[in-house]
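Heads up, the thing below is written out as structure tokens.
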Amino acid sequence: MATASTAEKSFQLVELNDQFVVINKMPGISFHTENEVLGIVERVKAELGFDELYPVHRLDKITSGLLVLARTPEVNSKISKLFREREVEKYYLAISDRKPSKKQGMIKGDMVRSRRSTWKLTKTLDNPAITQFFSTSLEPGKRLFIVRPKTGKTHQIRVALNSIGAPVLGDPLYNTDSTKNTSRGYLHAYAIKFRLDDIDYSFVSEPVIGETFLTDSFKKAIQLYAEPWSLAWPIS
């Protein structure tokens, strides 16, 4: 069983208050405990000395970035309701090594199960995943995306970018060839904004792991997205 000492390498503390904790989760850490290896929630509890924490949303194993954990059942209920009613603004960064069919806009469609635990986007709109995005060139062969999911479906961003021909660099499900030369999947939960008990909260956290996330070209490009909620997002 992993010990509390491993928690130092699995997350950075972003916010700690009486109602919730916000962390910057490192990539490659599972959400749930698997095969006696502590999941991220258990690691945070162990490191901070809390008996209980309540995750109000989740991140895939390959995804780094901001994760909110409520400290009480009451706060869990309140923030979970905000997520459910789409009153939480979430913004992600992704890098792809493929040329997208479009450089900005909206991606809409129903998500259905495909092969090997993957999902695919269809043209139907019965219960669609809705994803907004902008992108900019990083360097030859690599493009940075800032993505705003309007819905919260499994693998939504990974599937959306794959549907426009630009799967996430290092994604073991949707861009398998790229994993040979990358140390991580290049998807990061970059910013989050919500209002709780008449107080506005916003958090931004840049990725700290991943060679391509640490280049000068990325540091320059990310300045375009310093306040992602201020961008002229497409109307859904």
For residues [X] and [Y], determine if any side-chain heavy atom of one lies less than 4.5 Å from a side-chain heavy atom of the other.
X: F20; Y: L196; value: yes
X: Y225; Y: L144; value: yes
X: F134; Y: L224; value: no
X: I29; Y: K61; value: no
X: T63; Y: Y92; value: yes
X: I130; Y: M106; value: yes
X: K99; Y: R143; value: no
X: R86; Y: K150; value: no

- request: Check whether more than 12 heavy atoms from other residues, nucleotides or ligands sit under 6.0 Å from atom CD of E15, and answer yes or no.
  value: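 Counting other residues, nucleotides and ligands, CD of E15 exceeds 12 neighbours.
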
Test the R58-F31 pair against the cation-pi criterion, namely NZ or CZ under 6.0 angstrom from the six-membered ring centroid and within 45° of the ring axis.
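Cation-pi check for R58 and F31: passes.
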
Open item on the list: Would R71 and F50 count as a cation-pi pair here, with the cationic atom under 6.0 angstrom from the ring centre and within 45° of the axis?
Closed with: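 Cation-pi check for R71 and F50: passes.
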
Decide whether [X] and [Y] are clustered together by the hydrophobic rule: side chain heavy atoms of Ile, Leu, Val, Met, Phe, Trp, Tyr closer than 4.5 Å, transitively.
X: Y54; Y: L48; value: no
X: L13; Y: L67; value: yes
X: F213; Y: I209; value: yes
X: V21; Y: V56; value: no
X: I79; Y: W229; value: no

Distance from [X] atom [atom1] to [Y] atom [atom2], nearest 0.5 Å?
X: I164; Y: K103; atom1: CD1; atom2: NZ; answer: 11.5 Å
X: M111; Y: R113; atom1: CE; atom2: CZ; answer: 9.0 Å
X: H188; Y: I146; atom1: NE2; atom2: CD1; answer: 10.5 Å
X: L169; Y: R184; atom1: CG; atom2: CZ; answer: 10.0 Å
X: S217; Y: I222; atom1: OG; atom2: CD1; answer: 11.5 Å
X: S30; Y: I40; atom1: OG; atom2: CD1; answer: 10.0 Å

If you measure only the distance, is there a donor-acceptor pair under 3.5 Å linking the side chains of [X] and [Y]?
X: S135; Y: Q104; result: no
X: T124; Y: D110; result: yes
X: R98; Y: N175; result: yes

Fill in: Step-by-step side chain to side chain contact (heavy atoms under 4.5 Å, CB included) determination, E87 to K81
CA-CA 8 Å; E87 294 181 6; K81 182 180 179 182; over 6 Å; no

Report the residues that fulfil side chain to side chain donor-acceptor pair (under 3.5 Å) with S183, sequence neighbours left out, ordered by chain and then residue number.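 None.
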
If you compare all heavy atoms of [X] against all heavy atoms of [Y], which two are closest, and at what distance to 0.1 Å?
X: N24; Y: G65; value: OD1-CA, 3.2 Å
X: S163; Y: A160; value: OG-O, 2.5 Å
X: Y186; Y: G210; value: OH-C, 3.3 Å
X: N162; Y: P167; value: OD1-CB, 3.6 Å
X: M26; Y: Q12; value: CE-CG, 4.0 Å
X: P207; Y: F218; value: CG-CZ, 3.9 Å

message: Quick check on side chain to side chain contact (heavy atoms under 4.5 Å, CB included): which of I23, N76, L69 does L53 satisfy it with?
response: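 Among I23, N76, L69, the one that satisfies the side chain to side chain contact (heavy atoms under 4.5 Å, CB included) with L53 is L69.
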
Note to self: Tell me which one of L93, I107, I157 satisfies side chain to side chain contact (heavy atoms under 4.5 Å, CB included) with V147.
What the structure shows: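 With V147 as partner, side chain to side chain contact (heavy atoms under 4.5 Å, CB included) holds for just one option, I157.
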
Whether D97 and K142 form a salt bridge (side-chain N of Lys/Arg under 4.0 Å from carboxylate O of Asp/Glu) is what I want to check.
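Looking at K142 and D97, the cut-off is not met.
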
Any sub-3.5 Å donor-acceptor pair from [X]'s side-chain atoms to [Y]'s backbone N or O?
X: T179; Y: T176; value: yes
X: T33; Y: L38; value: no
X: T118; Y: R115; value: yes
X: D60; Y: I62; value: no

>> Please determine whether side chain to side chain contact (heavy atoms under 4.5 Å, CB included) holds for the pair T154 and W119, giving the CA-CA distance in whole Å, both sets of side-chain angles, and the decisive distance to 0.1 Å.
In response: CA-CA 8 Å; T154 302; W119 296 78; 3.8 Å; yes

**Item:** Step-by-step side chain to side chain contact (heavy atoms under 4.5 Å, CB included) determination, I192 to E89
**Value:** CA-CA 6 Å; I192 193 167; E89 297 180 34; over 6 Å; no

Subject >> Identified side chain to side chain donor-acceptor pair (under 3.5 Å) counterpart of Y174 within the set H155, R158, K120 >> reply: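 So, applying the side chain to side chain donor-acceptor pair (under 3.5 Å) to Y174 and each of H155, R158, K120, only H155 qualifies.
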
List the atom pairs, donor and acceptor, that lie under 3.5 Å between side-chain atoms in residues 197-204 and the rest of the protein, sequence neighbours left out.
{"residue": "D197", "atom": "OD1", "partner": "K78", "partner atom": "NZ", "Å": "3.1"}
{"residue": "D197", "atom": "OD2", "partner": "Q19", "partner atom": "NE2", "Å": "2.9"}
{"residue": "D197", "atom": "OD2", "partner": "K78", "partner atom": "NZ", "Å": "3.3"}
{"residue": "D200", "atom": "OD1", "partner": "R195", "partner atom": "NH1", "Å": "2.9"}
{"residue": "D200", "atom": "OD2", "partner": "R195", "partner atom": "NH1", "Å": "2.9"}

Would you mind listing every ring pair (Phe, Tyr, Trp, His ring centres under 6.0 Å) that reaches into residues 71-91, with sequence neighbours excluded?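 Residue pairs with at least one partner in residues 71-91: H57-F83, Y91-W233.
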
_side chain to side chain contact (heavy atoms under 4.5 Å, CB included) evaluation trace for S205 with Y190_ = CA-CA 5 Å; S205 185; Y190 171 57; over 6 Å; no

